[in-house]
Amino acid sequence: MFIFKDVEQISQHIHKTKASAQRIGFIPTMGALHAGHLSLIKASKQKHCYSICSIYVNPTQFNNASDLDNYPVTIEKDAKMLSEAGCDVLFLPTSDQMYGGKLIATKFDYGNITRVFEGAKRPGHFDGVITIVSKLIDVVMPDEVFFGQKDLQQCMVVKKLLDTSYPNVLFNMQPTQRENSGLAMSSRNVRLSKEEAVVALRLYQALNEVKLLLNQGLSVVNALAEAKLRYLQHPLLKLEYLDVVDSATMETVEFIASEKQYAVIIACWCAEVRLIDNILLTES
Ligand code: PAF
């Protein structure tokens, strides 16, 4: 696996790779890698892409300084995992290279998908995400990008970015990887104590409960209320949202229509850690 820290050097390497007609698959990450990230590398390789992973903890997408300070950094372990997973290139840019000394995100408004849920709870978050993903795409020039479903709203926002500015880049969304317990894999899970990790399971249980109750014919309002009551009333949990949305637009829905794809989404604090998760109503 090649490791590049310099934009000039990786650009030369990418030009050579493209000249040999290889498709480039790009997996942008913030490191602290887990099996969820590796599934994205695997998906890229399965599509026979030359696979490039970036690790860059992007300051402009953090609306909370302590979240940024506490974000786990495990570069050596990450590099080993990537190399074992068959990743071809690891790109480790510096803030100077990405932002030229001015850590400022461009403002984006993609309507509902950038305004609701994560957009509302974490002001400026998607500006930071879109800004850095654009900068990275400009350097890596991928044919395809790979993102995890756990950040469903981010997936929709990136899809919109591609439709708007990079129509030739193919978007791939891979299913959320879960611990055996059902807890969605996340770099933030390392900050949960053993007890908190058990309590955090309630998020996935609540999502499944909503889905089950909807399948049993309950209304969206009642299914949400019941799941909150059964799983999310715990002293360590502070719920931000639990909703049923149209998964393409992130609009909340009160009625389910068979021709659309829906997701149940949740954001909830478990002690000091903010967790998000979702399931699609159609997934098994
Ligand atoms: O999902 C992430 O890890 C980040 O939001 C991303 C896409 C790498 C942008 O910094």
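Only heavy atoms go into these numbers, but all of them, side chains included; no hydrogens, no water, no symmetry mates. One-based numbering, in listed order, for ligands and for the atoms of each.
When every heavy atom of Ala267 is checked against every heavy atom of Glu118, the shortest pair comes out as CB-OE2, 3.9 Å.
Judged by the 6.0 Å distance and 45° axis criteria, Lys135 is positioned over the aromatic ring of Tyr99.
Contact check for Asp127 versus Thr60: no side-chain heavy atoms found under the 4.5 Å cut-off. No side-chain heavy atom of Leu170 sits less than 4.5 Å from a side-chain heavy atom of Val145.
Without hydrogens or angle criteria, Tyr204 side chain to Asp277 main chain gives no donor-acceptor distance under 3.5 Å.
Atoms of ligand 1 lying under 4.0 Å from at least one heavy atom of Phe147, given by number and element, are 7 (C). Residue Met30 has at least one heavy-atom neighbour below 4.0 Å for each of these atoms of ligand 1: 3 (O), 4 (C), 8 (C), 10 (O). Atoms of ligand 1 found under 4.0 Å from any heavy atom of Ile132 (numbered from 1 in listed order, with element): 9 (C), 10 (O).
From the protein, the heavy atom lying nearest to atom 1 (O) of ligand 1 is Gln154 NE2, 2.8 Å. What sits closest to atom 4 (C) of ligand 1 on the protein, heavy atoms only, is Gln61 NE2, 3.6 Å.
Any N or O atom pair closer than 3.5 Å counts here, and Tyr56 shares no such pair with ligand 1. An N or O contact shorter than 3.5 Å is missing between Thr29 and ligand 1 by distance.
By the rule that hydrophobic residues join a cluster once side-chain heavy atoms approach within less than 4.5 Å of another member, Val139 and Val129 end up as members of one cluster.
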